[in-house]
Amino acid sequence: MDQDLEEAIKLIKESKYTVAFTGAGISVESGIPPFRGENGLWSKYNPEILDLSYFYSHPLASWKVIKEIFYDFFGEAKPNKAHLALAELENKGILKSVVTQNIDNLHTEAGSKEVYEFHGNSRMLVCKNNHHFEASLFNLEDLPPKCTKCNETLKPDFIFFGEGIPELAYCKSFEAAEKADVIIVIGSTGEVYPAANMPKQAKANGAKIIEINPEKTLFSESITDVFLQGKASDVMEKILIGLKR
Ligand code: NAD
């Protein structure tokens, strides 16, 4: 790992355009489990609550579970050292942006400014007529929340199964893939598409891929140049120290 860590630090130091690409793994140390796997959220909850047609035909039943997971439980989470390290790197001009698959708002809370939320976020609610509201304006004891302009049911502004990627985030993410010469992939299996195409596109354009994960992934087997095995916060802390040398 030491030699790989040095290689990663060298790549970032020499880079003119470093971008981070993050998945559920970066938020595990903030107490939010991934969806899949042994202790994943889907081992406890039925993913049908995030199916668009099920949601609109069972808004109350869906919202009861959505509130429990994405507002009561996720709402307690705070950014960890890995989120904070990315914000610090952006602040120093080393990192240009974060492309995240996460919907938990922790990059923004950590202080990152250029954050492209590929799957949307839980911070906002949206109705079928595209009226947007801050979720914090609603009393989620009174479910389902209704649009104050058209009375349609509000859904969280992250994508459900069967929905497309938000256009602006999609464009910004692939623009970043075009410009990047280094991508730091943190805590993503590489199994979720089209998100996984972002680092793949960057690699095809000549970017070097640094990957941080306790486990090997589909990326490690295909596009990763430097694999740093470990937890996001431990490895990011070492990278920060190395960049200060
Ligand atoms: P994923 O593709 O996001 O993979 C999770 C990865 O995190 C795994 O490879 C795992 O080995 C790794 N990991 C676990 N602990 C880690 C740590 N401490 N440091 C670094 N990496 C660690 O898989 P998923 O959970 O099935 O997610 C599916 C989709 O749903 C993704 O788009 C994901 O971003 C999203 N999701 C978001 C959140 C959130 O907003 N926090 C939570 C769950 C899922």
Side-chain angles (χ1 to χ4, degrees), residues 1 8 20-47 49-51 65-66 68-86 98-110 112 115-124 135 156-166 169-170 173 184-200 209-224 226-239:
M1 158 98 167
F21 174 82
T22 67
I26 196 170
S27 296
V28 165
E29 291 165 84
S30 294
I32 301 179
F35 281 160
R36 288 166 294 172
E38 210 181 317
N39 297 314
L41 287 169
W42 298 149
S43 64
K44 193 171 165 207
Y45 298 99
N46 189 337
I49 53 140
L50 298 188
D51 179 278
V65 185
I66 287 169
E68 188 178 320
I69 304 176
F70 298 102
Y71 295 92
D72 297 345
F73 179 50
F74 275 37
E76 294 287 305
K78 296 278 168 283
N80 64 51
K81 284 181 185 169
H83 297 104
L84 294 168
L86 293 181
V98 177
V99 175
T100 188
Q101 298 167 79
N102 295 344
I103 56 165
D104 56 25
N105 204 35
L106 293 181
H107 286 298
T108 306
E109 274 184 41
S112 287
V115 182
Y116 309 139
E117 294 168 315
F118 206 84
H119 294 152
N121 63 72
S122 56
R123 187 176 63 252
M124 302 296 289
D157 196 15
F158 55 75
I159 59 164
F160 281 31
F161 300 120
E163 282 192 290
I165 306 300
Y170 186 92
S173 301
I184 311 175
V185 176
I186 309 176
S188 175
T189 53
E191 289 172 23
V192 180
Y193 279 88
N197 281 331
M198 186 273 172
K200 287 187 170 178
I209 311 294
I210 298 167
E211 185 182 12
I212 302 171
N213 200 307
E215 317 270 349
K216 294 245 166 147
T217 69
L218 290 182
F219 291 130
S220 341
E221 291 158 14
S222 53
I223 58 167
T224 298
V226 183
F227 183 71
L228 302 174
Q229 188 154 27
K231 292 182 176 174
S233 61
D234 292 345
V235 180
M236 281 310 301
E237 211 171 5
K238 286 180 184 156
I239 289 180

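Atoms within each ligand, like the ligands themselves, are counted from 1 in listed order.
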Any donor-acceptor N/O pair, [X] side chain to [Y] backbone, under 3.5 Å:
X    : Y    : answer
E29  : K231 : no
E211 : S220 : yes
N121 : I103 : no
H119 : I159 : no
N105 : S122 : no
T22  : I186 : no
S30  : I32  : no

Original post:
Any N/O of T217 closer than 3.5 Å to an N/O of ligand 1?
Top reply: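 In this structure, T217 places no N or O atom under 3.5 Å from an N or O of ligand 1.
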**OP:** Indicate yes or no: does an N/O atom of F74 lie under 3.5 Å from an N/O atom of ligand 1?
**Re:**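 No, F74 has no N/O under 3.5 Å of an N/O on ligand 1.
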Compare [options] and give the one whose heavy atom is closest to [atom].
atom                    : options              : result
atom 3 (O) of ligand 1  : G190, A232, S30, A24 : A24
atom 18 (N) of ligand 1 : E117, E191, E29      : E29
atom 17 (C) of ligand 1 : G23, G40, G25, G230  : G25

Original post:
Can you tell me if I186 has a non-hydrogen atom under 4.0 Å from ligand 1?
Top reply: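 The answer is no, since I186 has no heavy atom less than 4.0 Å from ligand 1.
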Original post:
Closer than 4.0 angstrom: is that true for some heavy atom of A195 and an atom of ligand 1?
Top reply: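 It does not; every heavy atom stays at 4.0 Å or beyond.
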Which residue owns the protein heavy atom closest to [atom], what's the atom, and how far is it?
atom                    : result
atom 25 (O) of ligand 1 : F35 N, 2.7 Å
atom 41 (N) of ligand 1 : D104 OD2, 2.7 Å
atom 6 (C) of ligand 1  : G187 O, 3.3 Å
atom 38 (C) of ligand 1 : N102 OD1, 3.9 Å
atom 40 (O) of ligand 1 : I103 N, 2.9 Å
atom 31 (C) of ligand 1 : Q101 OE1, 3.8 Å
atom 10 (C) of ligand 1 : N213 OD1, 3.6 Å

At less than 4.0 angstrom from any non-hydrogen atom of [X], what atoms of ligand 1 do you find?
X    : value
R36  : 2 (O), 23 (O), 24 (P), 25 (O), 26 (O), 28 (C)
S27  : 41 (N)
P33  : 42 (C), 43 (C)
E215 : 11 (O)
V28  : 14 (C), 15 (N)
P34  : 25 (O), 43 (C)

Roughly how far, to the nearest 0.5 Å, is the [atom2] atom of [Y] from the [atom1] atom of [X]?
X    : Y    : atom1 : atom2 : answer
R123 : Y71  : CZ    : OH    : 10.0 Å
T100 : M198 : OG1   : CE    : 11.0 Å
K81  : M236 : NZ    : CE    : 13.0 Å
K216 : E221 : NZ    : CD    : 8.5 Å
N197 : F118 : CG    : CZ    : 7.5 Å
I184 : I210 : CD1   : CD1   : 5.5 Å

Subject >> Test log, rule side-chain hydrogen bond (donor to acceptor under 3.5 Å, both in side chains), inputs D104 and S27 >> reply: CA-CA 8 Å; D104 56 25; S27 296; 2.6 Å; yes
Counting heavy atoms only, which part of [X] comes closer than 4.0 Å to ligand 1: side chain, backbone, both or neither?
X    : value
H119 : side chain
T189 : both
V192 : side chain

